[in-house]
Visitor: 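This is the structure, below, for whatever I ask next.
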Amino acid sequence: MSVWLMNEERAREEVPILGKSVAELSKISKQMHLGLSTDEMSRIGSYFEKEGREPTDVEIQAIAQAWSEHCSYKSSKVHLKKYIFGIGREKIVAEGDAGLVSLDDDTAISFKIESHNHPSAIEPYGGAATGVGGILRDVLSMGAQPIAVTDVLYFGTKSVKGFPSPKFIESGVISGIRDYGNRVGIPTVSGGIVYSDFFSPNVLVNVGCVGVVDKRKIISSAISKPGIKLIIAGGKTGRDGIHGVNMASAVMEIGEEDVTTVQLGSPITKEPLIHAVLEANDRGLIYALKDLGGGGLSSVVGEMLQSGGVGGKVFLEKVLLKEKSMRPWEIWISESQERMLLAVREDQVNSVLEIMDSWDVTSAVIGESEAGKRLRIFFEGKSVLDLDTNFMTSPMLYERPSLVKEKQVIQWLPKYPTDFRRILRNMLSDKNVRTKEYAVRQYDHTVRGSTVIGPFTGIVGREGPSDASVIRPNWSKETGVAISHGSNPFYSYIDPYLGGRAAVDETVRNLISVGSEPLGFSDCLNSGNPENPEIMGEFIDMVRGLHDSAYALNLPFVSGNVSFYNEAGRRRIPTFPTILGVGKVENIERSVTPDLKGIGNAVYLVGVPTTDMGGSLYYRHLKLDGGRVPYSDPVTLKRRGWNLLKAIRSSCIKSVHDVSDGGIAVAISEMTVGSGIGATIDVAPLGLRNDFAIFSEPQSSWVVEVGEDREEEFVKILGDDTIYIGRTQDARFTVARGEESVLDVDLESILKNWKKGYR
Amino acid sequence: MNREINVAILTMEGTNNEEEAYLSFRFSGTSPEIVHLKKLENRDKKLSNYDILFFPGGFSAGDYVRAGAVMAARLKSSLMKDLEEFVESGKPVMGSCNGFQVLVELGLIPNVNGDYALEAALAPNISNRFEARTVYLKVDKGNCLFLREFEDNEIIKLPIAHSEGRFVPKDKEILDKIIKSRMNVISYVDSRGRQAKYPWNPNGSERNIAGVCNKRGNVLGVMPHPERVFYRYTESDWTRENSKTGMGNPFFRGAVQFLREKY
Amino acid sequence: MVELRITVTLKKTVEDSEGGSVLKALKLLGYDNVKDVRAGKVYFITLSKGNRQTGREFCEKLLANPVINECVVDE
Amino acid sequence: MVELRITVTLKKTVEDSEGGSVLKALKLLGYDNVKDVRAGKVYFITLSKGNRQTGREFCEKLLANPVINECVVDE
Ligand SMILES: Nc1ncnc2c1ncn2[C@@H]1O[C@H](COP(=O)(O)OP(=O)(O)O)[C@@H](O)[C@H]1O
Ligand SMILES: [Mg+2]
């Protein structure tokens, strides 16, 4: 990167902008890597006109950080406010870097999902690793002990000239998550991997984290009193990661390798930092807390002071540096990893510094809050920034033009298949369906000794997939936290609105499947360039979809993030959400897994097959337009889901698996993997053509194994929402319609196809 | 012993299984304490004040050089005598995963010749990957105090999560002595209890060795993680089984019983 | 037969946690004379035929990531 | 100032799984001329004073386990 220097003197530099023309302002924004529009530059100009002076480089850089798309949500905020923020508010315990819902009387769950797309596209290993590091900090910021890391990955399938190969990106991302997550000692238990040429070369790395906190110990990030000391703790500050947020707020260009934004992260700096921060919190020594992420100190100090309505001062020379020659503006906006900012009462500063030292964590007092509304920064005695905190942290908001393109919905009717067995095998070995063990088994999912349901369950040595993971955060209680995701870029590509609803549906389905009651969501919204009206139209459709489902379920989105500008190369990604959901398992003993449990049990379908085949795996294999995307009705979802939960809690149920990619045929196949137990089903009661009956992907649907003596009770709870379809059996999975055989496949071949590519 | 049993769980940056080890000891009726290596180095704390010493898993110092190497080097340079005394007093010492690697690097395991020389190493897995899954193990308990609650030849299941777990003895002589003295107390087996190759043997360990106990029976190193399955609910197949307690539980019970009887 | 030694290190601009951790350990072992440690990987590759150029191709295609790594090939 | 290069590899008698997988990957990339790959670690250490002997001490005390490793120090 070309560091923009006015002259060689290290301290305060002036950036003359007063009276400059629009063209000149735009040039300054470019040269300094500010990413600010001319409107925004003029707004800064008029502020300094009133101040009667030119801004310093530190000031201009600080404002650019705060006003970046990444930090300010300037293109999305209007819509998020309208559709997302208002839902289920009474269920939100607190909000901040992560959001909190209530697990039980004493405990809250802190969770968030976030994208690390742009950094991962430039350097997959470091991008993914620091993504994990960043999301851990967000959860820790609330005072919570992280209990799980999650990752939903979207990989391209085609090489694009000028960009790294898909294989290189994939192995880099997976290794990055592995090396960071394993070293930091938080289990990586849930996620997903999706392959599509949508993501060539725009790889998406969405990482989530879930933590728990004693409700009395939730930490706020606001400082509302003068005289509170600011302590920076953890890693030292270096030139790394400068202008990361500005990069994430623009379209990536071919061959762009801005080295100063590349970081690999240091999990063994983070690991003791987590312990130290939690110990300080446990002892009641933290007044306010925030992590240093995008925008570095600049964003964090500004927001901590502004949200509490005070001002403050910071002495930059007190910040511990990796490189001595850093300029003040670099120190102020550096995004070096593994740092937290603790606000501490004066009389408790020493205790906090001692705790840090006892964990071998470096820390330093760098400033304090003051009465008033000014933020003042000094470097070696000179003032380098003196700004109104309100001005700094209130960016322009945009309601960008949007356009909803009417798409024609076409559905082709395929020829009736002659070989169902071959189709099923192809589906099971599809990269999007078959086991992800080649990646996930490189992640430690049992560290902390609290993983009740991990990513794979069943007979040791032949485990199958699970729908959600369950963590028991407190060994003295029966309560569990269920964690899962939903997303379907194939649906969203065709219909962002229904795709949004389907993502909520999938998340809820997965959470119900393990016997948990959904409590809330975090959403990571992936999209293209918001300055394109068509994309803005998709974006609005997507959030409307999320809204309509979540509102009907009365479940809040407690946190999330927006990632625009994912459109390098010729292809852009669909506009779609990845949702992280958490649920409450009242008693872990009652949680269930998808592997079939015994021969001779009844198999029921909750839900009905559909003719909406848009984006379905079956039609993707046929390479035909499938028409409308499967429709999720939240009212139905709520009724079926919560009734199913009732049945699970009363122990009627031996195993459950939700219906998703590949329909009930794939769902039942997956239930045989971990169990070695087969099933025979009759699709006559389901109506529809056989291929639609077993391969369609109806929303709000599950396959359920019911204990022999509990059928009556089960049917009573589920009522008309369930249909008896067959029984479990030995060695084979067979499908018939009355007398006519549709499919007959042995379990070994299911196992082999599903495990393809692993071992 | 009627008084409290004090357990030191040793930690430094990157060790990260101290929490589950702490809880496993606490729920076994002892008084565990997480002790930072620094505090032992600067003599704030003394090893001899503890009854059990536990080396947890994780990635001490990132495992960057070699798993366990940095932690072992630091211990060797400042605390080797205390460690030897602790071991020679007969008190229980256990390490799992990274802890096992540290014990081997310290020469506390296998120590067939009794001189704390390096006699083995834990090399990178033959698969060249990190492996996180449940494995079948056979317990040949010998005189190992941590294993006294198991049946002899019992088949158990424990989670593993490591990339450097391939047990390599220095030479044939050392290996023979290990086998002859029945120090290879835990071995990887297949679902029917037979010695088998990858994936049953997840790392390519010589003779499928998963755990080694010293001759005296008071120092145990294991690659799998007993502390992660203290309760049955964290076994990966618990929804299909009706065990009463977790398979890691007896390791801790064994050590506690031993101390209560002996002291 | 050609023997190549390929050394892959992190660029100076990228923070090297491994080197840092070794530095810290050596200092704690009492070696105050250690000023800096950079860690890397080395591959000794035997070719039936080829030259440094082949080694450079290996760097590009597999062993190094140009964004973060430097790759040196010796024969 | 003294610059040491310390190279740590697995002994020939110990199977080198990383080298093996690099070999496999190179063959998959079409390089049939690759006969053997051994992987190792390398440390570039800057000392204010010292010599190869110091490097050998680092090997012994930290960088190598003689049961499986070879350690070579170059100045
Ligand atoms: N990248 C990943 N990281 C962590 N866990 C994952 C990842 N991908 C998949 N998993 C886990 O593996 C299991 C099976 O995943 P998958 O086959 O995608 O199932 P499904 O399609 O039902 O979501 C799930 O428990 C899922 O959470
Ligand atoms: Mg699922």
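Residue numbers begin at 1 in each chain, while the letters A, B, ... track the order of the sequences. Both backbone and side-chain heavy atoms feed into the values below; hydrogens, waters and symmetry mates do not. From a predicted model like this one, the values you see are computed outputs, not experimental measurements.
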Visitor: Quick one: donor-acceptor pairs under 3.5 angstrom, chain D versus chain C?
Guide:
{"residue": "Glu18(D)", "atom": "OE1", "partner": "Lys41(C)", "partner atom": "NZ", "Å": "2.8"}
{"residue": "Glu18(D)", "atom": "OE2", "partner": "Lys41(C)", "partner atom": "NZ", "Å": "2.7"}
{"residue": "Tyr31(D)", "atom": "OH", "partner": "Glu57(C)", "partner atom": "OE1", "Å": "2.6"}
{"residue": "Tyr31(D)", "atom": "OH", "partner": "Lys61(C)", "partner atom": "NZ", "Å": "3.3"}
{"residue": "Asn33(D)", "atom": "O", "partner": "Ser48(C)", "partner atom": "N", "Å": "2.7"}
{"residue": "Asn33(D)", "atom": "O", "partner": "Ser48(C)", "partner atom": "OG", "Å": "3.3"}
{"residue": "Asn33(D)", "atom": "ND2", "partner": "Lys49(C)", "partner atom": "O", "Å": "2.8"}
{"residue": "Lys35(D)", "atom": "N", "partner": "Thr46(C)", "partner atom": "O", "Å": "2.7"}
{"residue": "Asp36(D)", "atom": "N", "partner": "Thr46(C)", "partner atom": "O", "Å": "3.3"}
{"residue": "Asp36(D)", "atom": "O", "partner": "Thr46(C)", "partner atom": "N", "Å": "2.8"}
{"residue": "Arg38(D)", "atom": "N", "partner": "Phe44(C)", "partner atom": "O", "Å": "2.8"}
{"residue": "Arg38(D)", "atom": "O", "partner": "Phe44(C)", "partner atom": "N", "Å": "2.8"}
{"residue": "Gly40(D)", "atom": "N", "partner": "Val42(C)", "partner atom": "O", "Å": "2.7"}
{"residue": "Gly40(D)", "atom": "O", "partner": "Val42(C)", "partner atom": "N", "Å": "2.9"}
{"residue": "Lys41(D)", "atom": "NZ", "partner": "Glu18(C)", "partner atom": "OE2", "Å": "3.0"}
{"residue": "Val42(D)", "atom": "N", "partner": "Gly40(C)", "partner atom": "O", "Å": "2.9"}
{"residue": "Val42(D)", "atom": "O", "partner": "Gly40(C)", "partner atom": "N", "Å": "2.7"}
{"residue": "Tyr43(D)", "atom": "OH", "partner": "Glu18(C)", "partner atom": "OE2", "Å": "3.3"}
{"residue": "Phe44(D)", "atom": "N", "partner": "Arg38(C)", "partner atom": "O", "Å": "2.8"}
{"residue": "Phe44(D)", "atom": "O", "partner": "Arg38(C)", "partner atom": "N", "Å": "2.9"}
{"residue": "Thr46(D)", "atom": "N", "partner": "Asp36(C)", "partner atom": "O", "Å": "2.8"}
{"residue": "Thr46(D)", "atom": "O", "partner": "Lys35(C)", "partner atom": "N", "Å": "2.7"}
{"residue": "Thr46(D)", "atom": "O", "partner": "Asp36(C)", "partner atom": "N", "Å": "3.4"}
{"residue": "Ser48(D)", "atom": "N", "partner": "Asn33(C)", "partner atom": "O", "Å": "2.7"}
{"residue": "Ser48(D)", "atom": "OG", "partner": "Asn33(C)", "partner atom": "O", "Å": "3.3"}
{"residue": "Lys49(D)", "atom": "O", "partner": "Asn33(C)", "partner atom": "ND2", "Å": "2.8"}
{"residue": "Glu57(D)", "atom": "OE1", "partner": "Tyr31(C)", "partner atom": "OH", "Å": "2.6"}
{"residue": "Lys61(D)", "atom": "NZ", "partner": "Tyr31(C)", "partner atom": "OH", "Å": "3.4"}

Visitor: Hey, what do you get for CD1 (Ile45(C)) to CG (Leu26(D)), rounding to the nearest 0.5 Å?
Guide: 5.5 Å
Visitor: Can you tell which part of Leu47(D) gets under 4.5 Å to a heavy atom of chain C, answering side chain, backbone, both or neither?
Guide: both
Visitor: Which bit of Leu63(D) is near chain C, if near means a heavy-atom gap under 4.5 Å: side chain, backbone, both or neither?
Guide: side chain
Visitor: Considering only heavy atoms from C-beta outward, does the side chain of Val37(D) approach that of Phe44(C) to under 4.5 Å?
Guide: no
Visitor: Are Phe58(C) and Val34(D) side-chain neighbours, meaning at least one heavy-atom pair lies under 4.5 Å?
Guide: yes
